[in-house]
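Only one structure is covered here, and it is reproduced in the block below.
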Amino acid sequence: MAKYSVPKNGAKIGYQNGKLTVPDNPIIPFFPGDGTGPDIWKATKVVLDAAVEKAYKGKRKIAWMEVFAGLTALQHYDKDTVLPEETVASFKEYRVGLKGPLTTPAGSFKFVCLVCAAELMDRPASCPKCKSEWITPRFRSVNVGLRQKLDLYACVRPVRWFKGVPCPVKAPEKLDIVIFRENTEDIYAGIEFEQGTKECREVYDFITQKMGKKVPFPDSGLGIKPISKTGSQRLIRMAIAYAIAHQKPSVTIVHKGNIQKFTEGAFRDWGYEVAKTEFRDRIVTEAELWDQHGGKMPAGKVLIKDRIADQTFQQLLLRPDEYSVLATTNLNGDYLSDAAVAQVGGLGIGPGANIGDGVAIFEATHGTAPKYTGKDMVNPGSLILSGVMMLEHLGWQEAADLVVKGLEATIQAKTVTYDFERQMTGATKLKCSEFGAAIVKNMGSVAVAA
């Protein structure tokens with residue numbers, strides 16, 4: 001029997017012919033996350049529920065269903081289970097979910113505390129740092145596990161500036177992009193061999209002796225970087241389809257193909273191939289733009305272009321308004337999305353989603369910030385805006401617009417959480433929960449949607 005309770009007042013989201021069928025009372029699985037996750041979840045739920053109520057006057061309502069991962073999984077299952085199969089199955093069955101941040105261990109230690117993220121070589125009865133009993137063996141990222149098990153192959157990160165948010169650049173309003181980052185291959189495949197092990201030596205011998213490739217030092221740890229045609233094209237296909245549906249001017253394929261020609265370079269080539277074969281009447285490539293159209297963009301078309309990854313980093317600073325939708329390999333997208341959101345205020349307002357075919361999980365993009373656990377002080381904006389993405393995914397645009405309206409008004413009134421307050425002259429510092437309440441107050445109302 002499942003350890004979570006299915007809401008009796010909710011209904012499942014369906015999926016037919018590649019599209020969701022959303023009832024007026026969809027069951028949405030969620031988990032608050034570790035560290036500051038419960039604080040930001042509470043604020044987010046208040047905001048999303050209020051927006052749905054205001055937009056639809058009771059005709060629609062989310063039936064939230066709590067499932068378990070990270071710390072809550074340890075509390076409900078055994079002390080070595082951080083991602084129960086029931087949780088994975090629930091997201092697959094109910095198709096759309098929302099999640100807070102989870103602890104992601106790093107390094108060579110053997111155990112981790114899921115309350116304070118302390119790294120331990122031995123498993124004590126309680127954590128020497130925070131006295132918690134929630135100690136578990138080192139594990140690979142739960143987030144990555146969800147993405148791989150549910151085949152959520154696209155990490156989607158919109159990046160835009162909200163007026164009034166303090167940021168380090170002169171014209172943050174010029175950056176308005178959506179990054180589609182491949183989610184299952186490249187470094188996230190997790191194919192590594194630890195230096196000094198028998199397996200690592202066998203791989204080293206195969207590479208150097210059998211394949212004739214030079215590894216600079218024999219005491220290397222080794223990793224394999226798989227990038228497939230299938231994985232690349234489905235990611236770029238989703239990015240192009242998004243650009244067409246949202247009337248975006250361009251899709252930029254970001255890669256390091258000048259150096260890694262058979263992985264990164266192939267990603268670029270496969271991207272152009274899917275664009276030309278599946279979207280021929282809706283796109284024009286950059287080469288075609290100049291060779292066939294004299295540099296003048298045809299009306300109603302999406303421009304497909306490519307850029308080297310390091311070049312893209314600088315151009316998002318120098319010429320951000322030339323970019324719209326970006327399609328990237330995994331590692332490039334990881335760095336690029338965090339760097340881009342830093343230009344508009346930081347991860348505190350950076351939303352994200354992991355999307356596959358028929359399943360999508362929306363999430364806070366930042367970490368658990370364990371030192372602020374339970375202090376009701378961190379910015380819930382990332383999870384709130386991820387909730388906006390979720391509402392849009394459901395087709396509930398009116399509710400999504402209300403959340404954005406309330407958030408913008410709250411920031412412009414300089415009533416913000418500590419991370420923004422310390423950078424804004426004359427601002428009023430709010431708690432996490434107070435910030436959520438202020439967003440609701442500043443939503444106003446809209447006519448009931450048809």
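Values reported hereafter were calculated over all heavy atoms of this structure, with side chains retained and with hydrogens, waters and symmetry mates removed. Because the structure is a prediction, the values reported are computed rather than measured.
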task: Would you sort out whether Tyr372 and Asp39 count as a side-chain contact (heavy atoms from CB on, under 4.5 Å), showing the intermediate values?
output: CA-CA 10 Å; Tyr372 297 119; Asp39 283 348; over 6 Å; no
Report all side-chain donor-acceptor pairs from residues 430-438 shorter than 3.5 Å, counting only partners two or more places apart or in another chain.
unit_1, atom_1, unit_2, atom_2, d
Ser433, OG, Asp376, OD1, 3.4
Ser433, OG, Asp376, OD2, 2.7
Glu434, OE1, Lys431, N, 2.8

Report, one line per pair, each donor and acceptor closer than 3.5 Å where one atom sits in a side chain of residues 378-394; sequence neighbours left out.
unit_1, atom_1, unit_2, atom_2, d
Asn379, OD1, Gly381, N, 2.7
Asn379, ND2, Asp419, OD2, 3.1
Ser382, OG, Gly350, O, 2.6
Ser382, OG, Thr365, N, 3.0
Ser382, OG, Thr365, OG1, 3.4
Ser386, OG, Gly352, N, 3.1
Ser386, OG, Glu363, O, 2.6
Ser386, OG, Ser382, O, 2.8
Glu392, OE2, Gln397, NE2, 3.3

Euclidean distance, [Y] [atom2] relative to [X] [atom1], rounded to 0.5 Å:
X      : Y      : atom1 : atom2 : result
Leu98  : Phe30  : CG    : CZ    : 9.0 Å
Lys92  : Lys149 : NZ    : NZ    : 12.0 Å
Thr263 : Ile227 : OG1   : CD1   : 4.5 Å
Phe180 : Ile240 : CZ    : CD1   : 10.5 Å
Ile411 : Met424 : CD1   : CE    : 7.5 Å
Ile13  : Leu20  : CD1   : CG    : 6.0 Å

Side chains of [X] and [Y]: does their closest heavy-atom pair fall under 4.5 Å?
X      : Y      : value
Asn330 : Glu185 : no
Lys99  : Phe362 : no
Met443 : Val403 : yes
Tyr153 : Met238 : yes
Val302 : Phe279 : no
Leu150 : Asn354 : no
Met65  : Val6   : yes
Phe193 : Ile224 : yes

For the side chain of [X] and the backbone of [Y], is there at least one donor-acceptor N/O pair under 3.5 Å apart?
X      : Y      : answer
Lys276 : Gly271 : no
Thr87  : Phe68  : yes
Asp186 : Leu331 : yes
Thr368 : Gly35  : no
Ser228 : Gly231 : yes
Ser232 : Lys229 : no
Lys61  : Asn25  : no

query: Taking atom types as modelled, is there a side-chain donor on Thr329 or Asn332 under 3.5 Å from an acceptor on the other?
result: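 A donor-acceptor contact under 3.5 Å links the two side chains.
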query: Is there a donor in the side chain of Tyr4 and an acceptor in the side chain of Glu86, or the other way round, less than 3.5 Å apart?
result: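 Checked: Tyr4/Glu86 side chains show no N/O donor-acceptor pair below 3.5 Å.
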task: Kindly assign one of parallel, tilted or perpendicular to the pair Tyr335 and Phe313, based on the angle between their ring planes and the thresholds 30° and 60°.
output: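 Tilted, since the angle between the ring planes falls between 30° and 60°.
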Nearest atoms (heavy-atom pairs only) where [X] meets [Y]:
X     : Y      : value
Thr36 : Ala369 : CG2-O, 3.3 Å
Pro32 : Pro101 : O-CD, 4.0 Å
Lys54 : Val440 : CE-O, 3.7 Å

- request: Could I get the full list of salt bridge (charged side-chain N to carboxylate O under 4.0 Å, His left out) partners for Asp338, not counting sequence neighbours?
  value: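 Result, salt bridge (charged side-chain N to carboxylate O under 4.0 Å, His left out) vs Asp338: Arg157.
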query: Less than 4.0 Å between a side-chain N and a carboxylate O, is that true for Asp334 and Arg181?
result: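 Here Arg181 pairs with Asp334 in a salt bridge, since their nearest N and O are under 4.0 Å apart.
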Within residues 380-390 or reaching into it, pairs that qualify as salt bridge (Lys or Arg N to Asp or Glu O under 4.0 Å) - sequence neighbours excluded: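 Residue pairs with at least one partner in residues 380-390: there are none.
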query: Got a sec, which pairs hit salt bridge (Lys or Arg N to Asp or Glu O under 4.0 Å) with one end in residues 233-248, sequence neighbours left out?
result: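 Residue pairs passing salt bridge (Lys or Arg N to Asp or Glu O under 4.0 Å), neighbours aside: Asp151-Arg234, Arg237-Glu278.
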field: Chi angles and distances behind the side-chain contact (heavy atoms from CB on, under 4.5 Å) call for Val96, Val22
entry: CA-CA 10 Å; Val96 175; Val22 182; over 6 Å; no
- prompt: Which is it for Thr410 and Val416 under the side-chain contact (heavy atoms from CB on, under 4.5 Å) test, yes or no, and what are the steps along the way?
  reply: CA-CA 7 Å; Thr410 303; Val416 291; 5.6 Å; no
query: More than 12 non-hydrogen atoms from neighbouring residues, nucleotides or ligands closer than 6.0 Å to NZ on Lys429, yes or no?
result: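 Open.
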Atom NZ of Lys42 with >12 non-hydrogen neighbours under 6.0 angstrom: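 No - once you tally the heavy atoms of other residues, nucleotides and ligands closer than 6.0 Å, there are 12 at most.
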field: Residue pairs involving residues 286-296 (criterion side-chain hydrogen bond (donor to acceptor under 3.5 Å, both in side chains); sequence neighbours excluded)
entry: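 Pairs touching residues 286-296 that pass the test: Arg280-Glu288, Thr285-Glu288, Glu286-Arg307.
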With sequence neighbours excluded, residues passing side chain to side chain donor-acceptor pair (under 3.5 Å) with [X]:
X      : value
Glu182 : Thr184
Glu53  : none
Ser220 : none
Glu93  : Lys12

message: As a test of understanding, state which of Ile355, Asn183, Ile361 forms a side-chain contact (heavy atoms from CB on, under 4.5 Å) with Arg147.
response: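 Exactly one option meets the side-chain contact (heavy atoms from CB on, under 4.5 Å) with Arg147, and it is Asn183.
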- request: For Tyr56 and Asp24, run side-chain contact (heavy atoms from CB on, under 4.5 Å): C-alpha distance rounded to whole Å, both residues' side-chain angles, the deciding distance at 0.1 Å, then the answer.
  value: CA-CA 10 Å; Tyr56 308 115; Asp24 288 337; over 6 Å; no
Hey, can you pull the donor-acceptor pairs under 3.5 Å for the side chains in residues 251-260, sequence neighbours left out?
unit_1, atom_1, unit_2, atom_2, d
His255, ND1, Gly257, N, 2.9
His255, NE2, Asp306, OD2, 2.8
Lys256, NZ, Asp310, OD1, 3.1
Lys256, NZ, Asp310, OD2, 3.4

Below 3.5 Å, can you tabulate the donor-acceptor pairs from side chains in residues 158-175 to any protein atom, sequence neighbours excluded?
unit_1, atom_1, unit_2, atom_2, d
Arg160, NH2, Glu408, OE2, 3.0
Trp161, NE1, Val165, O, 2.9

